[in-house]
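Single-structure report; data block below.
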Amino acid sequence: MIFPLKKFAAACVAIALIFGASAVVVAAQSTPLSPTSTGYDISFPQCGYAYPSVPGFGVVGVNGGKPFTTNKCLAGELSWAKGAVNQQPAFYVNTANGGPNNGQWPSSQSTPDVCAGANSVPCSYDYGWNAARYSFSAVLTAEATDGATAPNQSAIASPWWLDVETGNAWEVKSNLYGPTAAAYANDTAMIEGEIASLTNAGVTNVGVYSTSQQWRAITDASTSNFPSVPAWIPGFGSVAAAEAGCSTASFTSGRVALIQYGAGSYDGDYNCGLLNTPLTTSVTAANSATFSDQLVTTNNNGAVTYVQTSGSPDLVVSSAGLVTTSAALTDGTYVASGTTSDPHGDVGTFSLTLEVGVLLQDSPLTANVKASGSAAFTDQLVVTGNTGTVTFVPVTGAPSLSVNSSGLVTTSGALAAGTYGATGTMDDPGGDAGSYSFTLTVGKLVQRTPTAGTVAASSLSTFSDQLSVGANLGAVSYLQTTGSPDLVVNSTGVVTALTTLTKGTYKAIGTTSDPNGDVGTFTFTLTVTAPVVTPPPTSTTTTTVPTGPVATAVHGYAVAGRTVTLSIDGSGFNGRPRITSHAGTTALVIRDTGRVLVVRVGVKAHSRNGVFTFTITLANGKSCQVRYNQR
């Protein structure tokens, strides 16, 4: 089966709602995850397969891949979501706008907009409105099937997401219409109609699942139409990456509420909650009685309420987040912490550390300079919490790095490429003291892609790749130190390989330099796959039966930085074979009919595009290869 979108089952829906108690997000994995901070989204591709066990929350796809269709397993998957730790399910619906060449296109409608069937903004809006009503009705039926006493109340209490992806039909993608200003306006109106329809039905939490690239392709990067709509963003590789991804810029300009990440054979989701960056600040003992600071929380819906749990009475945090002291404090460290919440149920934590009588170094803490510019390098150290002029006393770093009494950093002259550090102490006339540290990196060349490649053993004679280095001045010279003769990197960075390599992994390592004294290192890993298995020749009177799997075609394409679902046609696939490809790409079989493999493919961000090879290997060692596109 070829799925029209990314993979509606586990990856698809929007981002708007916050599921009950959200996890605290301060920095990646900075605090223990709450039981309801992670969950899964599933839909029609999971029909007939096991669902994820014990989710923190569940998101269920309503449709069968496009508007005006129903996920045949909707009721069962809804029951699964209600068995999560957070028993409030969420729903996502598929969106699309193919224009009037569509059996569901409105032709005589007076509300919410007047539409007589034209290819227009009003008709597109009505089309979206009707599609949402269809989905809402499907959810009411599923709720009733599952025994909900008030299906309508259950449906409107749930978060809803709109899955906006380029895999479905849109006017801007059609040869009949777009991309034109009119097509962008029509496609945007369809999305607006869906949101308005759900809101009219009583739903209070509606968001959008998409990526910046797909949102731009469909709506021409519209944000003014959706300023308060939350975003659900896919493409992250782990819970830690998802947690950090909560600070990603939203494509709608609304808050980022949900992050999708790969979780084995499923799509996991991380609930962002409120974002609070731990704050450390300083004040002199003399000024501590009048100290105040304002805590700042982001990713919220409405005014944030702060509840202090520790730090009182020395530090007092008001319900609006204003931090004050109870009186003059003695030298030392004081910490106030607590929880945050907004009117929509989003929660987080805060922490403020106040250093009394301690000087704190502010940015800059590090700097970079080319080797050719190192002789003229200077920078100024900055200190907070002081009364009067700060005096700096160097301890280490000279003569390469010198820090004078006022905190000016200079070099002794031209420095060779490398890393240099300077440390010392600082004090002010009021008796406050502290320490400083500064690191200068000189002439570091940075390797860009590629760092890895994949080639079939039968294609080694034509293999080559070009290494790339940034931050250089002039042509870069490459000097290989390991990896030869299997892999050879010439002085200009061209990588070639022996034509007799067997299946396996090979690595080349070395150094880089430019004419101005800047240096760096490079590494390149080549994965050699087995050649395509060719059946032995047969006579004209004998029918050949393949002894291993045979792959004939790949439907869909891989995308750097995303997880997508592809299908592979062929035969002899029984047993869910193992699939491998080039470095940075993972492939997992999620369905096997014997003649079709449905494969979830994840590609690391910034991987180069091109034509690559899947190697399909059965448990008995038999294998075959098939080429696919990444773009």
Side-chain angles (χ1 to χ4, degrees), residues 27-28 30 240-241 244 247-248 277-278 280 359-384 390-426 434-452 466-483 489 491-493 495 507-525 584 604-607:
S30 59
S247 59
T248 302
T277 300
T280 298
L359 301 182
L360 295 182
Q361 182 184 3
D362 204 347
S363 297
L365 305 177
T366 63
N368 295 273
V369 67
K370 304 300 297 177
S372 57
S374 60
F377 172 82
T378 65
D379 212 339
Q380 176 63 52
L381 300 184
V382 177
V383 175
T384 63
V390 175
T391 300
F392 295 80
V393 179
V395 176
T396 66
S400 299
L401 283 186
S402 297
V403 179
N404 71 10
S405 60
S406 63
L408 183 67
V409 184
T410 58
T411 64
S412 58
L415 300 178
T419 301
Y420 301 84
T423 63
T425 62
M426 48 197 183
S435 61
Y436 70 82
S437 174
F438 185 83
T439 301
L440 177 65
T441 301
V442 177
K444 183 178 181 181
L445 299 181
V446 180
Q447 182 183 5
R448 296 172 176 165
T449 54
T451 58
Q466 175 65 57
L467 300 183
S468 176
V469 167
N472 57 296
L473 292 172
V476 174
S477 296
Y478 295 78
L479 178 62
Q480 184 174 0
T481 55
T482 63
V489 181
S491 60
T492 62
V495 186
K507 180 177 287 188
I509 300 173
T511 61
T512 54
S513 62
D514 70 15
N516 289 274
D518 307 313
V519 300
T521 60
F522 72 80
T523 178
F524 184 85
T525 302
K604 69 177 183 179
H606 310 301
S607 176

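Being a predicted model, the structure only gives us computed values, none of them experimental. Computation of the quantities below employed the complete heavy-atom set of this structure, encompassing side-chain atoms and omitting hydrogens, waters and symmetry-equivalent molecules.
Across Tyr420 and Ser400, no two heavy atoms sit closer than the pair CD2-CB, 3.7 Å. Considering every non-hydrogen atom in both Leu473 and Ser372, the closest pair reads CD1-OG, 3.5 Å. When all heavy atoms of Val489 and Ala508 are compared, the closest pair comes out as CG2-CB, 3.9 Å. Nearest heavy atoms, Val469 versus Asn472: O-OD1, 3.2 Å. The two residues Ala475 and Pro515 make their nearest non-hydrogen contact at O-CD, 3.2 Å. The two residues Gly407 and Phe392 have their closest heavy-atom pair at N-CD1, 3.2 Å.
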For this session: Could you give me the CA-CA distance, side-chain angles and deciding distance for Gln447 and Thr512, then say whether side-chain contact (heavy atoms from CB on, under 4.5 Å) is met?
Result: CA-CA 9 Å; Gln447 182 183 5; Thr512 54; over 6 Å; no
For this session: Quick one: do Ser513 and Ser477 satisfy side-chain hydrogen bond (donor to acceptor under 3.5 Å, both in side chains)? Show the steps, please.
Result: CA-CA 5 Å; Ser513 62; Ser477 296; 4.7 Å; no
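Considering OG1 of Thr410 and CG of Leu401, their distance stands at 8.0 Å, rounded to 0.5 Å. Note that the CD atom of Gln480 and the CD1 atom of Ile509 stand 9.5 Å from one another [nearest 0.5 Å]. Between the OG1 atom of Thr521 and the CG atom of Leu479 there is a distance of 12.0 Å, given to the nearest 0.5 Å. How far OG1 of Thr451 is from NZ of Lys507: 9.5 Å, rounded to the nearest 0.5 Å. Put simply, CG on Leu440 and OG1 on Thr411 are 8.0 Å apart, with the number rounded to the nearest 0.5 Å. One distance of note links CZ of Arg448 with CG of Leu467; it measures 12.5 Å at 0.5 Å rounding.
Checking side-chain atoms of Asp379 against main-chain N and O of Val409 turns up no donor-acceptor pair under 3.5 Å. Without hydrogens or angle criteria, Gln361 side chain to Ser437 main chain gives a donor-acceptor distance under 3.5 Å. Panel note: side chain Asp514, backbone Asn516; a donor-acceptor pair is recorded below 3.5 Å.
Thr366 and Thr439 share no side-chain donor-acceptor pair at under 3.5 Å.
Around the NZ atom of Lys604, the shell of radius 6.0 Å holds more than 12 heavy atoms that belong to other residues, nucleotides or ligands.
Looking at heavy atoms from C-beta onward, Ser468 lies out of side-chain contact with Phe522 at the 4.5 angstrom threshold. Side-chain contact between Val403 and Tyr436: present, with at least one pair of heavy atoms (C-beta onward) separated by less than 4.5 Å. Considering only heavy atoms from C-beta on, Pro364 comes within 4.5 Å of Val382 through its side chain.
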